Amino acid sequence: MMEREKNDILYLVVPCYNEQEVLPETSKRLKEKMESLMERNMISRDSRIMFVNDGSKDRTWSMIEELHEQDPIFAGVKLSRNRGHQNALLGGLMTAKEYADMTISLDADLQDDIDVIDQMVEKYYDGCEIVYGVRSARTTDTFFKRFTAESFYHMISMMGGEIVFNHADYRLMSKRALEEMAKYKEVNLFLRGIVPMIGFKTDVVTYERHERMAGESKYPLKKMLALAIDGITSLSTKPIRFIVFLGLFIFLCSIGMLIYSLVQHFLGHTSIGWTSLIVSIWAIGGLQLLAIGVIGEYIGKIYLETKARPRYIIEKVLN
Ligand code: UDP
Ligand code: MG
């Protein structure tokens with residue numbers, strides 16, 4: 001086991017998109033947490049709280065600038081425009097990696113219990129490169145959110161993706177783990193699917209998730225669905241395999257139907273009627289569209305990956 005020297009530098013990385021309502025409270029609570037860790041000599045005095053402004057349209061960035069001026073414990077990264085949670089997080093982590101020995105990513109609304117940060121840091125000193133925050137109960141989420149989330153995790157593992165159940169993007173990553181993650185160059189990034197591939201010694205800490213402090217969720221159903229489809233298609237090609245089997249199955253059925261209709265024909269019975277014709281046309285037509293759609297998803301992914309456009313552009317760093 002790798003024993004680490006205490007007093008390493010911790011960077012909290014917090015993506016923020018239109019979070020002016022929660023920032024005052026979030027910054028206060030995170031600062032208290034960092035100071036208590038510093039007093040107990042668990043982290044270095046050079047540790048920082050790094051807010052990543054993901055192209056917010058409200059006062060978020062000017063608030064981050066103010067915080068940074070008042071107290072150097074606050075750092076900031078400004079993306080050139082809105083790139084979405086995953087890219088903002090990646091941009092923040094890749095920036096923090098230059099200064100930090102370990103990072104912890106968390107949401108600006110503090111839905112994730114910040115008191116488990118202590119345990120995460122302890123596990124880091126025990127030699128863990130990655131520590132996942134896992135929700136023990138989802139009582140504060142609506143039934144709908146719980147149901148969709150559960151189905152999503154099951155879908156991913158059915159498709160052969162490796163994913164930590166009930167873990168969002170609240171996790172500790174060491175500098176070493178981040179350096180390995182930086183080698184995953186895919187444009188279509190689904191961090192939760194990539195991080196388990198890195199390996200090393202990992203552990204989990206469990207906590208209860210709170211309700212959003214203020215403001216609204218930035219993940220409406222449409223974005224959740226998009227994240228699910230992106231997650232599955234970026235981790236696995238099983239949907240294509242599934243279509244192959246479905247096609248094979250339907251082909252076998254059609255041979256059965258062929259034999260059946262020939263027999264009926266030679267026995268002099270009337271041939272297949274209107275209903276069966278219409279049903280087959282709709283069924284086969286629908287399946288074909290679905291199949292093309294699935295293949296299209298993958299071709300679209302290939303198209304985007306070949307262009308290798310930057311995932312985020314950093315306009316400014318305050319540190
Ligand atoms: N977020 C972001 N860019 C976006 C959307 C969201 O950086 O385009 C941030 C947001 O500020 C928050 C985190 O991602 O810190 C998670 O968003 P939210 O709390 O709205 O999602 P939920 O908890 O409802 O899934
Ligand atoms: Mg939230």
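Model, not experiment: these values are computed from the prediction. Every number for a ligand or one of its atoms is a count from 1 in the order of the listing.
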Sub-4.0 Å atoms of ligand 1 with respect to non-hydrogen atoms of [X]:
X	result
Asp109	19 (O), 23 (O)
Ala108	15 (O)
Pro15	7 (O), 9 (C), 10 (C), 11 (O), 12 (C), 15 (O)
Glu19	10 (C), 11 (O), 12 (C), 15 (O)

| Taking non-hydrogen atoms only, is Asp107 closer than 4.0 angstrom to ligand 1 via side chain, backbone, both or neither? |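 Both parts.
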| task | Tell me which part of Gln111 gets within contact of ligand 1: side chain, backbone, both or neither, using heavy atoms under 4.0 Å. | result |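 The part of Gln111 near ligand 1 is the side chain, not the backbone.
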| task | Can you figure out which of Asn82, Val14, Asn87 has its heavy atom closest to atom 8 (O) of ligand 1? | result | Asn82
| request: Run the ring-centre check on His167 versus Tyr132 and record whether the distance is less than 6.0 Å. | output: yes
Under 4.0 Å between a side-chain nitrogen and a carboxylate oxygen: does that hold for [X] and [Y]?
X	Y	value
Arg176	Glu179	no
Lys175	Asp101	no
Lys316	Glu65	yes
Lys33	Asp115	yes

| request: If you have a sec, read the angle at the Mg ion (ligand 2) from Asp109 atom OD2 over to Gln111 atom OE1, to 10 degrees. | output: 100°
| request: Ignoring hydrogens and angles, state whether a donor on the side chain of Ser80 or Glu315 is under 3.5 Å from an acceptor on the partner side chain. | output: no
| task | Kindly confirm whether the Mg ion (ligand 2) is within less than 2.8 Å of some N/O/S atom in Asp107? | result |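 Not a single backbone or side-chain N, O or S atom of Asp107 is under 2.8 Å from the Mg ion (ligand 2).
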| With His85, the side chain to side chain contact (heavy atoms under 4.5 Å, CB included) member among Asp169, Asp54, Leu191 | Asp169
